[in-house]
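Below, chain A is the first sequence line, B the second, and so on; all start at residue 1.
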Number of protein chains: 2
Amino acid sequence: MTRSDPILFAKALADETRQRIMKLCCCRWLSVTEIVEQLSVTQPTVSHHLAVLREAGLVNVREEGKHSFYRLNQDRMTVCCGELRTKFASEDDKTETS
Amino acid sequence: MTRSDPILFAKALADETRQRIMKLCCCRWLSVTEIVEQLSVTQPTVSHHLAVLREAGLVNVREEGKHSFYRLNQDRMTVCCGELRTKFASEDDKTETS
DNA sequence: TAGTCATATCGATAACCGTCGATATGGATT
DNA sequence: AATCCATATCGACGGTTATCGATATGACTA
C-alpha cells in the first residue's frame, strides 16, 4: 500500500462517512467502537470503511489487546494531495507522463 | 458550482476515465470529439464525464460554433487540493470545524 | 430547406458500492 | 473451559454509476 494511486486515493475520499471517519481520527487514535459511537452507522459499516482507508494507506492502525486504534495518516494525505496538484494543477510539469 | 464540496470533488476524481480526460485537457482546450479520439469510450460516455467534471467546477467550457471546448480548471484543482490538505493534513487547524 | 456534423440527453443494462444483520475470530476475564 | 467484548468478515439488498446505442438539439453548409 505504499504505492501511490490517485484513483484509489480519490475513491477512498469519495464517501461522506469515510470523510467523517477521517475527520474524527485526524489527530488522535480512536478505537473502532469510539468511531461507531460518533456516527450513525453500524460497526460492520465502520469496519468496512476503515478497510477501504487502510487499503489506500490513509490510516495507521495500532493493535492493542482486543482493541484496534486507528489514526489518519496525515503524511500520506499531504503526499497524495501534492501528487494530485502536480498531476493536474501545475503548469510546468509536462515532461513526466503516466 | 462555486460552492466547494470535498465530497463532490473527490467523487469527480474517483474514476479513471475522468482522470484521463482531466489529464488530456490539463493545459489546452480540447473539443469533445478530440477527447473521444484519444480514449476508448464512446462520445455519450465522454459527454457524461464532462458533465460530472462541470458540476464539480473542474473544467471550463468554451462554446464556439458547433464545437464545445473543454479545459481543466487548474485554479479550482489547486483550491480543492488545498482544502483537502487543510481539512485532513494540517496539524494546526483545529479551531475551525465543519 | 435539406443535410451533415458536434454535442447533449435518454433509457437500458451491468457492475460497483454502502449498508445492514448474522456470524466468525480472537483476546481478556472469570 | 466458558463467557464476554471488540473487531473483522460474509452474504444480501438497494442505490448509485459507468457505459452503451438510439435519438434529440442545434449549428454550419450546400
Side-chain angles (χ1 to χ4, degrees), chain A residues 1 5-25 28-73 88 98, chain B residues 1 5-25 28-73 88 98:
Chain A
M1 302 318 149
D5 181 348
I7 310 280
L8 196 63
F9 173 61
K11 279 183 197 271
L13 289 172
D15 180 83
E16 189 186 346
T17 303
R18 277 197 293 276
Q19 285 207 14
R20 276 210 281 234
I21 291 174
M22 292 170 67
K23 187 77 180 169
L24 281 175
C25 64
R28 53 187 166 153
W29 294 93
L30 284 183
S31 71
V32 178
T33 307
E34 287 170 318
I35 296 174
V36 170
E37 283 167 355
Q38 313 227 20
L39 299 175
S40 47
V41 289
T42 64
Q43 175 268 316
T45 298
V46 168
S47 274
H48 163 68
H49 287 307
L50 287 170
V52 173
L53 293 173
R54 240 186 295 130
E55 302 235 332
L58 288 175
V59 287
N60 297 121
V61 199
R62 179 163 59 82
E63 321 245 342
E64 201 158 308
K66 55 181 174 181
H67 294 260
S68 291
F69 293 93
Y70 284 84
R71 180 171 179 152
L72 183 65
N73 186 343
F88 296 118
S98 60
Chain B
M1 301 316 150
D5 182 348
I7 310 281
L8 194 64
F9 173 62
K11 278 183 197 268
L13 288 172
D15 180 84
E16 189 186 347
T17 303
R18 277 198 292 275
Q19 286 207 13
R20 275 209 282 231
I21 292 174
M22 292 170 66
K23 187 76 179 171
L24 282 175
C25 64
R28 54 187 166 152
W29 294 93
L30 284 183
S31 70
V32 177
T33 307
E34 288 170 319
I35 296 173
V36 170
E37 282 166 357
Q38 313 227 19
L39 300 175
S40 47
V41 290
T42 64
Q43 175 267 316
T45 298
V46 169
S47 275
H48 161 70
H49 287 307
L50 287 171
V52 173
L53 293 173
R54 241 185 295 130
E55 303 234 332
L58 288 175
V59 288
N60 297 121
V61 199
R62 178 163 59 83
E63 320 245 342
E64 201 158 307
K66 55 183 176 182
H67 294 261
S68 290
F69 293 93
Y70 285 83
R71 179 171 180 151
L72 184 65
N73 185 343
F88 296 118
S98 58

Hey, does [X] reach any base, or is it just sugar-phosphate, or nothing, if we go heavy atoms under 4.0 Å?
X     : value
B:S68 : sugar-phosphate
A:V46 : nothing
B:S47 : base
B:H49 : sugar-phosphate
B:Y70 : sugar-phosphate

Do any side-chain nitrogens or oxygens of [X] fall under 4.0 Å of OP1 or OP2 in [N]?
X     : N      : answer
B:H67 : C:dA6  : no
A:K66 : C:dT25 : no
A:T45 : C:dG18 : no
A:R18 : C:dG18 : yes
A:S31 : D:dA6  : no

Report the distance from atom [atom1] of [X] to atom [atom2] of [N], rounded to the nearest whole Å.
X     : N      : atom1 : atom2 : answer
A:E64 : D:dT7  : CD    : P     : 11 Å
B:R62 : D:dA27 : CZ    : P     : 17 Å
A:L50 : D:dA6  : CG    : P     : 16 Å
B:H48 : D:dG21 : NE2   : C1'   : 16 Å
B:E16 : C:dA15 : CD    : C1'   : 15 Å
B:K11 : C:dC17 : NZ    : P     : 11 Å
B:E55 : D:dT17 : CD    : C1'   : 14 Å
B:L53 : C:dA8  : CG    : P     : 12 Å

Closest heavy-atom pair, A:K23 versus B:F88, reported as atoms and distance to 0.1 Å, is N-CE2, 3.6 Å
Interatomic distance, CG@A:D15 vs CZ@A:R20, rounded to 0.5 Å, equals 9.5 Å
### Query
Is B:L39 close to B:L24 at the side-chain level, that is, under 4.5 Å between some pair of heavy atoms?
yes
*How about B:V59 and B:I21: do any of their side-chain heavy atoms sit closer than 4.5 Å?*
no
Step by step, would you call B:R18 with B:L13 a side-chain contact (heavy atoms from CB on, under 4.5 Å)? CA-CA 7 Å; B:R18 277 198 292 275; B:L13 288 172; over 6 Å; no
Per atom distances to the B:R54 side chain, the nearest of C:dT19, C:dA8, D:dG26 is C:dA8
**Message:** Ignoring hydrogens and geometry beyond distance, is the side chain of B:Q43 in donor-acceptor contact with the base of C:dA8 at under 3.5 Å?
**Reply:** yes
